[in-house]
Structures are given as structure tokens and as C-alpha cells.
Amino acid sequence: MNHTANEEHEKLNFIEQLVEEDLKTKKHYGRLLTRFPPEPNGYLHIGHAKSICLNFGLALKYGGKTNLRFDDTNPEKEETEYVESIKHDIKWLGFEWSEELYTSDYFEQLYDFAVILIKKGLAYVDDQTAEQMAAHKGTPTEPGTLSPYTSRTVEENLDLFTRMRAGEFAEGEKTLRARIDMTSPNMHLRDPLMYRIKKDHHHRTGDKWCIYPMYDFAHGQSDSIEKITHSICTLEFEVHRPLYDWYIKQLEIYPSQQTEFARLNLNYTVMSKRKLLKLVQDRYVSGWDDPRMPTISAMRRRGFTPEAIRNFCDTIGVARRENVIDFGLLEFCVREHLNKIALRRMAVIDPLKIIIANFEEGKNEILSAENNPEDPEAGNREMIFTREIFIEHEDFMENPPKKFFRLAPGGYVRLKNAFIIKCDEVIKDDAGKVTQLNCTYVPESRSGHDTSGISVKGVLHWVSATENITAEVRLYDRLFTVENPDNQEKEFLHYVNPDSLKILNKAYIEKHFALDSIDSKFQFLRLGYFCFDKDSTPQHLVFNKTVGLKDSWAKISS
RNA sequence: UGACCGAUGGUGUAAUGGUAACACAGCAGAUUUUGAUUCUGUCAUUCUAGGUUCGAGCCCUAGUCGGUCAACCA
């Protein structure tokens, strides 16, 4: 690190600039309080991670705080299961909220706010059906017309609203609306709904309420009640801002301020909760945490690290234009972190047997191997070299092209951390498939003590055929075959990648894995980064491929 | 065919009236007992047309393209 070069000033996104300006002008007496407001009706995904990193990151950077507020105003969709998973994901990402709050905590206060608006003549009870209301609402190009119920008196409205709360009316029979402007070009200002009747059991308030506030009548006031200084949300809420401001102004409460940014889009995946739920329900994936999903829980299971995800969110930036981030950038961030911390191990996932003719049968030669060349403190481990070993099938070619510097008939190659071997004979089955290689090794080529004078270009990973452990390995590819599964001719489900999961039942891994912690991150040498799946048992190890190594040979050879 | 928002290399993000930069991807090379990592080099950018200004990616006007808005969802 060059500490003298800090004059080079840091890139601030537009929200950081706004916050710095507000802090400087003491707009909120120099205070900063953000909030992350998920609706507990699904699992968090990488798009939420962007919002989490933004909201919590701002507070961390500028000495503020962040509340976690569950936006639970719709009893029919929300569940405690989701509350728990959301809390777990935020903690796992490495953030701590100041207060854990629920919009439902404010139901009584919101009710009082509604009464205030009724008394000011700014809200009325409407008896119209949803259809009638839609007809009066107009369209974006035509103004709406007044509801026939706007003429009710304050007393009448107060009475009706009280009786709504008391459960005297059926669902859909009555609503409470704000009286604003039916001709506004902004549809959200055309007498928006404040309350609807819903006789549902709420995950926290039980059966106490039968009227529930709409998002617009709850969100801004909740921010205001908590004295949130900066209420950050995604672009589609921009048209809601005049209403957000209107409620705060009419109620004369704390002026929280909403700022919008563009949500994250990633190619080769979908991000809407509805679509993710569909993938789960229709069994395209095994669950919300299927490692192919873009959810936080799936990424955790797949072996992505919080550091990598945070760094990704930092790298993509924050702006107001629509964007589609390349999935490859996320993978880059994951590799970047895993390269530093992953333990190097050897595993052969598509084995080809080699018999080393001049190596004594039954002999075990103990070799030393670095656990992580990027981290000297990670130390070394022992590997067992034997007469029979496995190498990767694709590391041998009978008729290799010019630039192939792995094993070929008559050729030499180094076995990583072991010896140089020479391929003497190729054994095939009746179908002509290569089933075994007979080789000889160069005894004086032992790694670290090589006096053979032979130089080889290729270095292969290997596992003893007699001293090993077997394991299941799950390989993942992108979930969809097209960059943008939304906006295709057919429904998104038609574009699910049929090869997004490959299960290899019998991979051979080095014995040292028996000593490794379940939480470890691994690099299978020359194959990629892997981690234990939660399905693992001591008798049956299961690995997930987190992400492959950058593979320039794959590019050359294709 | 209304209102609002947006438009900078292939993808993202900076530059806040004064030399268009950074990351990823791509390409070329060096190092390498991982075809990894690391390092070096390189390609490539201001939607269009007017205007203001000594000077415009930035300000103004018009157009083009893209997004959002008409749930008793959030």
C-alpha cells in the first residue's frame, strides 16, 4: 500500500455525495440514519445485497446507523420463516443493524395519522369497488374523475373509519383514501388508497387488525417515526416520492428524504421474487438455497464469501441508469478472495489410472505440498505417492495438438509436488477408449530435489489410486441459457439451462480432506474452487464447485 | 404517444465548465512445479442536431433510444 498517494481522491457515488453535503450543511444536525426495509415474503438475493451494502455501508462510512425494518403491511404474504432467513443473511454478509423494527409496530400510530388526515378533510372513506375505482382513476394520458363519496363529512368519515377498524364491513366493501388530485399526471396522487380491509391473520399482530395500511401510507411515515435521514430505495419508487413527501408534509412529521438508485440486474439469471419462487415451487431447483440461485443463501452454500459479495457490490457502483452486470464480474470477485484464502488440495473428478512400472508395489512415498502459495502461514501438508495413481482424463491425449503440454504417448510431464513421469503404453478397451496408462517415473525428479535435468512444460494434479477418499462433486453452470431470461419470446422457464447441474458420483480426493474443517474453502488444483456442501456426512463427502479457475487452455483449445 | 427518469469503451462506474479515467472482459507478452496467481503492454468511450461559453461529457433547446407509472402488492 502506498500511504502517500492518498491525495488521489476517492470516487464517490451520487448518494455518498448527497450524504456528505447533508452532513456538511448539518441538514439533520449532522446525523445519519438509514434503514433496510425488506418485505418478509421471500429470501434475499444479490440485488438485496446491493441495497444492504449501500445502506449499511453508508452508515459505517459516515458514522451513522442503520435500522432493519420489516415492511409487513400485507398479512397474506408475510411469514416468520422469511424474517429469520433475512436476519441470518444480513449478519452473514457482515452487517449489524441498530434496531430491529417492524412496520406493524406502528399500526396504532399509522391509524392515528389517518384520523388526523380525515379531520383535516384530506381523507375519505370510499364505498366503490376496485373496478369502479379503476374506472374513475383515468389513465396516464387522461385525468381521473372524483369519487362520488368525496362529499362525505368529516364526522361521517370518522365514524365509518372507526367501524372499518371494528370489523363491521366485509373485505373490499370500503377503503380509506387520501383526497389529493384526481387530475394529477402522477397516478399515485389520484386519491391513493391508505387503508384496505383484510381479515387475515398477521404474523405479528395476529387478529388484532382487520384493516391494513398500504405501502405508501406506511413507508414514509415509518421512516419519519424512526427519524431516518436518508431513505434509499430503487428507481421504480421515484413516482411515489411526491406522495411520500405529501403525507409527511400534511402530517407535519419528521422530514425523511427518499433517494432512488438503479437496482442490480445480473445476466443469465432472474431476480424477481415471483420468478425465484416459481423456480423453487416447480422444482427447477432444489430450494431457495440451491447453489444455482441468485439468493444470498444459495451463494453461501455454493462457497461465495461475504467479502467477495461486498467487494462486488462496491465494484459495481451506484447510479441512476438501468444496468446489467456481467455474472463474470461476480465470479471475478469470488476468485479474487478465494485465491487468497482457499486451501490447495488435489482431487481427480474424471479419473484415468496410471501404473508406474518402476515404482515399488506397496510402497508409500510421503511428499510435502503447500497449503496455499498465497499465504506462507498456511503451511504444508503430506501427500501419499504410490505405484498406482489417477490423473484427470482430459490431461491425456493420444494425438495432441501442438500447444498441448500435458501427457501424451512417449511424453514427459510433472506430477505436482511429486515426480516427472513418462508415458510408455496406452491401454484401451474394446471400444477404443483409453482406460489406463503405463508409465515410468524419474526417481531423481522429486519436487524440491530435482537433479534429473529434465524440463517439462506440463504439471498435472493427481491422487493416489490406493490411498484416497471418494466423494461426490456437484458442478454448476449458469441457470439460464440466455443473457436475459425476462423479455424473451417465451416464458423465462423455457430458458432454464438443462446442464446447469452435473453430479459426479465418484471423484478421488487426497486423504488430507479427512482432517479439513467443514467450513474450509478449497482450491482443487487446476480445477477450481470448491467447498463442502451441507449434504456431506463423514461417510459421504459432497463438494460444490464454487467457481472455476480462469482457464486459458480452454480458450486456446476451442 | 401523457408525465417523470435516464443515455460516457463490449459491461459497469468516475470525471461536478478546463488533458475523458478506473475495474471487468478482450488481445499480446514476461514469470510460474496450478495453462492459476502475479507483472507488463495494448485495443476501445461522451446518442443526434442546434445553442450558450475563450472552453461543454457536464449548462440550455429539440429530437432519438431505453426505463418507470393506470394492484384493495411492496
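As the structure is a computational prediction, the values presented were derived from the model and not from experiment. Order of the sequence lines sets the chain letters (A, B, ...), proteins ahead of strands, with each chain counted from 1.
- Contact of A:Arg414 with B:U33 (side chain to base): a donor-acceptor pair of N or O atoms is detected under 3.5 Å.
- Taking atom P on both nucleotides, B:A49 is separated from B:G17 by 24 Å, rounded to a whole Å.
- Counted within 6.0 Å of NZ on A:Lys278, heavy atoms from surrounding residues, nucleotides or ligands total 12 or fewer; the atom is thus considered open.
- When distances run from any side-chain atom of A:Val324 to the nucleotides B:A36, B:G12, B:A70, the shortest one goes to B:G12.
- Other residues, nucleotides and ligands contribute over 12 non-hydrogen atoms within 6.0 Å of the CD atom of A:Glu444.
- Applying the Watson-Crick and G-U wobble criteria (two distances, each under 3.5 Å), B:A7 pairs with B:U64.
- Between the P atom of B:U68 and the CZ atom of A:Arg320 lies a distance of 14 Å, rounded to the nearest Å.
- One can place CZ of A:Arg35 at 12 Å from C1' of B:A74, the figure rounded to the nearest angstrom.
- Residue A:Phe405 is classed as a base contact, given a heavy-atom separation below 4.0 Å to a base.
- Nucleotide B:G29 forms a pair with B:C39, judged by Watson-Crick or G-U wobble geometry with both contacts under 3.5 Å.
- Projected onto RNA chain B by closest heavy-atom contact, A:Glu238 and A:Asp72 fall at different nucleotides, the more 5' of which corresponds to A:Glu238.
- Considering only side-chain atoms of A:Pro140, the nucleotide from B:G2, B:A14, B:U34 that sits closest is B:G2.
- If you measure from atom CD of A:Glu39 to atom P of B:A71, you get 18 Å, rounded to the nearest angstrom.
- Between A:Phe70 and A:Tyr102, the gap from one ring centroid to the other is short of 6.0 Å.
- Note: CH2 (A:Trp209) to C1' (B:C72) measures 17 Å, nearest angstrom.
- Between A:Pro185 and A:Glu171, it is A:Pro185 whose nearest contact on RNA chain B lies nearer the 5' terminus.
- Across all strands shown, B:C22 forms a Watson-Crick or G-U wobble pair, both distances under 3.5 Å, with B:G12.
- Base pairing annotation: B:U45 forms no Watson-Crick or G-U wobble pair, as no partner gives both donor-acceptor distances under 3.5 Å.
- B:C4 and B:G41: their P atoms are spaced 48 Å apart (whole Å).
- Not a single donor-acceptor contact under 3.5 angstrom links the side-chain atoms of A:Arg321 to the base of B:G66.
- Judged purely by atom type and a 3.5 angstrom limit, A:Ser452 has no side-chain atom pairing as donor or acceptor with the backbone of A:Ser445.
- The side chain of A:Met214 has B:A74 as its nearest neighbour among B:C5, B:A36, B:A74.
- Contact of A:Arg335 with B:U37 (side chain to base): no donor-acceptor pair of N or O atoms is detected under 3.5 Å.
- When heavy atoms are screened at a 4.0 angstrom cut-off, A:Tyr215 is found touching base atoms of the nucleic acid.
- One interatomic measurement links the two molecules: NZ of A:Lys77 to P of B:C72, which rounds to 13 Å at whole-angstrom precision.
- Remark: P of B:U34 and NZ of A:Lys340 are 20 Å apart, rounded to the nearest angstrom.
- Distance noted for atom C1' between B:U64 and B:G55: 27 Å (whole Å).
- Rounded to whole Å, the distance from CD on A:Glu16 to P on B:A14 is 9 Å.
- At most 12 non-hydrogen atoms from other residues, nucleotides or ligands lie less than 6.0 angstrom from NZ of A:Lys457.
- Distance alone, capped at 3.5 Å, is enough to place a donor-acceptor pair between the A:Arg190 side chain and the A:Thr139 backbone.
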